[in-house]
S.K.: 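Before anything else, here's the structure in question.
By convention in this document, chain letters (A, B, ...) are assigned in the order of the sequence lines, proteins followed by strands, and residues within each chain are numbered from 1.
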Amino acid sequence: MTNKYYEFFCPVKVIAGKAALEHIPYELTGLAAKRPMIVTDKGVRAAGLLDPVIAACEESGLEIVSIYDDVPPDSSTSVVKDIAGVYRKEKCDSIIAVGGGSAIDTGKAVNILVSEGGDNIAKYSGAGVLKHPLKPFFVVPTTAGTGSEVTSVAVITDEKKGVKLPFTSSFLLPNAAIIDPRMTLTLPPHITAATAMDALTHATEAFTCMAKNPLSDAYATAAIKKVSQSLLAVMDNPKDSDGRLELAQASTMAGIAFSNSMVGLVHSLGHATGAICHLPHGLCMSLYLPYVLEFNLESIREPLGELLLHLEGPEVYSATPASRRAEVSISAIRKLRDALYKRCELPRTLKETGKVLENQLESIAKLALDDGSIMFNPREVSHEDAMAVLRRAWA
Amino acid sequence: MMVKRLQPMMSHARRSYVELMFQVMGRALQAISEVDETTRNETRELPEGFLFEMQVMPNGPKLIVEHTGNGKLLFHGDEAPRPVDLSIQFKHIAHAFLVLSFQEKTSVAFANDRMLVDGDVSYAVRMTRVLNRLESFILPKLIAERAVKEYPATIKLPEKLISAARIYLKVATQFVETVRA
C-alpha cells in the first residue's frame, strides 16, 4: 500500500473575466451584506482602479459605506486597528480588499478583528486560532502574482515588537476572488514582469516540492502554461486585456496550487532577501528560480522535465529527449528572464539589482535556513548549499 | 473477526511504542546537546528557558525539552514547568507511529499535514534539523535514511559510532537514574 497522502482545500468562489466586477453586488447580497467597506492603498486609488468597483456597486444600488485607502506596503497592527475602528464606526458588514498582497493581507486581518472583536490583532496570531467563520470578505486583486486572493495566510508587522505576525486559518480565505482584466490593465511593465514571475515560481515550486499532489499539480501546470503563453505578449502589448486576464488567472491558479502544496528554497531565499535587502518579492522569485531548480535538479528531474510541455509547448517537448527535458525546462525559464530583461530590465542576478551587497549573502543564507518553506524543499539545504546557490545568483 | 479482536491490543502496543520512543528521544536530545557541537550551534539560537514540546493530539504522549543556555537541552519528561514556547503536534497516534517507526520521514509528515506547528516556525525548522541530526547519529545508516530527508554526507562512520555510543550511554544512565529516583 502506498504511503502517499495529501490534503486539498479551496472554497473560494472565483469570479473571473469580462465584467466580473459587476457581479460583486449580487454576490454580496447573497451573503446578506449591504454595507461594504473597501480596503485599498493610495496607488490603487490614484490609478483610478476603484472607480469601476464603485460604479459596479452603485449601479446595482449597493452603497460603498467607507473607503480606507491608506494601507502601506508593509501593513502593521496599528493600521489594522485603525481600519477596524472605521469599520465599526460606519457600521459596515463586509470587506472588499482591492489591491496587491498588502491590501489583501490587511483586509484579512481587519476581518479577524471586526468578526472576533477587540483591538489587539496579535492575539489571533498563529495557526488555527480562529474557530468561527468571519464576515463576508471579497478580494479584487490588482496585481497578477501573489495569489493572496486564494490563500489562508496573512502577514502583518507588529511595529512595536519589530516582528512579522503570521495568521493562518481557513477562515481567512475570502468568500470570493474577483478577477477582472480591467484591474491589471495599467500595471507598469516592471511590475507585470515581476509579479508574473512570482506566479510562475509559485506554480513551479508547487509542482516540484515535497507536498505536491494531483490536484495542485493540475492548477500548477495550467498556471505555468498561461504565464508562458501570455507574459511576453502582454509585455509587448500592455493593453492586451485577454493576455492580462490569462496572467491574472494564472496567478490565482498558482495561488491555489501553492497554498495546497507549499513552496521551497526559492521562497526561503526570497523571503530572506526581501527582509534584508528590501527587494520586492516577485523580483526575488525571478532571481532565484533557475539557480534553485539547478540545485534541486537530481531530486526533481522527472516533474521538472514534465514542465517543459507547459513551458515550451508540445513541439519542443516531443523533440527533446526525456533525459534532457529537466535541463531544457531550466533553459526555458532563463530564456524568459532574458526576454524580460530586454523589455524592462528585470534583474537576472543579485548584482544587477544594485541593491544587494556581496557581503550580505552570508546573512541571507543564515536567515533562509530558518524559513518555514525550506521544510518542503525536496533536498536538504545546508548553509554551504544556500551559499552556493546565492553565489551562482550573484552574477 | 480476528483482526477486530486484536485491534485494541494493536492500539495499545502502538501507543506504548510512541510513549517509549518519546522517552528515548527526549533523553537523546539532552544527550546530543551535550556531545555534539553542531547541535549546540543550532540550539544556542533558541532563547534561554525555551520550552519545546512534541505531542500527539489531543492528550496523547508527549516529550518536553528546555534550552537551559549555551545550547544545552534538558529533558522534562511529559510535564512542562510552564506553558511551552513551541509545540509540534501529531494529529493522531497513527501518524506519530508512522514517523517514529521510520515508515514516514519527518519532512514527509510535515508535507503530508500529519503534524502542526504551534509557535515560531523558524524555531520549528531549527528543532527539526536537530531531530534529523540526532536520528542520523543514533540510527543505523539504512534506517536513518528512511527517517531523514537526506543523510548528511559530512557524518563519517567513526564520528557516527563514537557519538552514537556517547549518546546511548547518556540515555541509559538517565534511564537508570530515573528508575533509582
S.K.: With only heavy atoms counted, which part of B:Asp118 is less than 4.5 Å from chain A, the side chain, the backbone, both or neither?
M.R.: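 No part of it gets close to chain A.
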S.K.: Within a reach of under 6.0 Å around CD of B:Glu37, are more than 12 heavy atoms found that belong to other residues, nucleotides or ligands?
M.R.: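 Correct, the count exceeds 12.
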S.K.: Spell out, as yes or no, whether a donor-acceptor pair under 3.5 Å connects the side chain of B:Arg129 to the backbone of A:Leu369.
M.R.: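 Present.
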S.K.: For the pair A:Glu380 and B:Arg133, find out whether any cationic side-chain nitrogen is under 4.0 Å from an anionic carboxylate oxygen.
M.R.: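 The answer is no: the pair does not qualify as a salt bridge.
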S.K.: Compare every heavy atom of B:Ala111 with every heavy atom of A:Ala211, then report the nearest pair and how far apart it is.
M.R.: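 For A:Ala211 versus B:Ala111, the nearest heavy atoms are CB-O, 3.5 Å.
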S.K.: Assess whether atom NZ of A:Lys366 is packed by more than 12 heavy atoms of other residues, nucleotides or ligands within 6.0 Å.
M.R.: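 Result for NZ/A:Lys366: open.
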S.K.: What's the spacing between B:Arg114 CZ and A:Tyr5 OH if we round to 0.5 Å?
M.R.: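 Answer rounded to 0.5 Å: 6.5 Å.
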S.K.: Go through B:Asp113, B:Val121, B:Thr106, B:Val108 and name the one with the most non-hydrogen pairs under 4.5 angstrom from chain A.
M.R.: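 Heavy-atom pair counts peak at B:Asp113.
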S.K.: Taking atom OH as the centre, does A:Tyr219 end up with more than 12 heavy-atom neighbours from other residues, nucleotides or ligands that are less than 6.0 angstrom away?
M.R.: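 Not buried by this count: 12 neighbours or fewer within 6.0 Å.
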S.K.: Which bit of A:Met262 is near chain B, if near means a heavy-atom gap under 4.5 Å: side chain, backbone, both or neither?
M.R.: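 Neither the backbone nor the side chain of A:Met262 comes within 4.5 Å of chain B.
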S.K.: Heavy-atom count around A:Glu302 CD within 6.0 Å, excluding the residue itself: above 12?
M.R.: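 Atom CD in A:Glu302 is not packed in, count stays at 12 or less.
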S.K.: Examine whether an atom of B:Val148 lies under 4.5 Å from a heavy atom of chain A, and if so say whether it belongs to the side chain, the backbone or both; otherwise answer neither.
M.R.: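 Answer is neither: B:Val148 stays 4.5 Å or more from chain A.
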S.K.: Using non-hydrogen atoms and a 4.5 Å limit, figure out which bit of B:Asn132 sits close to chain A: side chain, backbone, both or neither.
M.R.: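 B:Asn132 touches chain A through side-chain heavy atoms alone.
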S.K.: Does any part of the side chain of A:Met210, heavy atoms only, come nearer than 4.5 Å to the side chain of B:Lys105, both counted from C-beta?
M.R.: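 Counting from C-beta outward, B:Lys105 and A:Met210 never come under 4.5 Å.
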S.K.: Between the main-chain N or O of A:Met375 and the side-chain N or O of B:Lys149, is there a donor-acceptor pair closer than 3.5 Å?
M.R.: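 Yes, the answer is positive, given that a donor and an acceptor are paired below the 3.5 Å cut-off.
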S.K.: Which atoms of A:Pro378 come close to chain B, meaning under 4.5 Å heavy atom to heavy atom: side chain ones, backbone ones, both, or neither?
M.R.: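 Answer is backbone: N, CA, C or O of A:Pro378 sit under 4.5 Å from chain B.
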S.K.: Pick one of side chain, backbone, both or neither for B:Thr128, based on which atoms fall under 4.5 Å of a heavy atom in chain A.
M.R.: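 When you check distances to chain A, only side chain atoms of B:Thr128 fall under 4.5 Å.
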S.K.: Does a side-chain heavy-atom distance below 4.5 Å link B:Val125 with A:Ile374?
M.R.: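 A side-chain contact under 4.5 Å exists here.
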S.K.: Test A:Lys4 against B:Glu104 for salt bridge (Lys or Arg N to Asp or Glu O under 4.0 Å), laying out the working first.
M.R.: CA-CA 10 Å; A:Lys4 279 191 180 160; B:Glu104 191 164 276; over 6 Å; no
S.K.: Where on A:Lys164 is there a heavy atom nearer than 4.5 Å to chain B: the side chain, the backbone, both, or neither?
M.R.: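 Contact with chain B involves no heavy atom of A:Lys164 at all.
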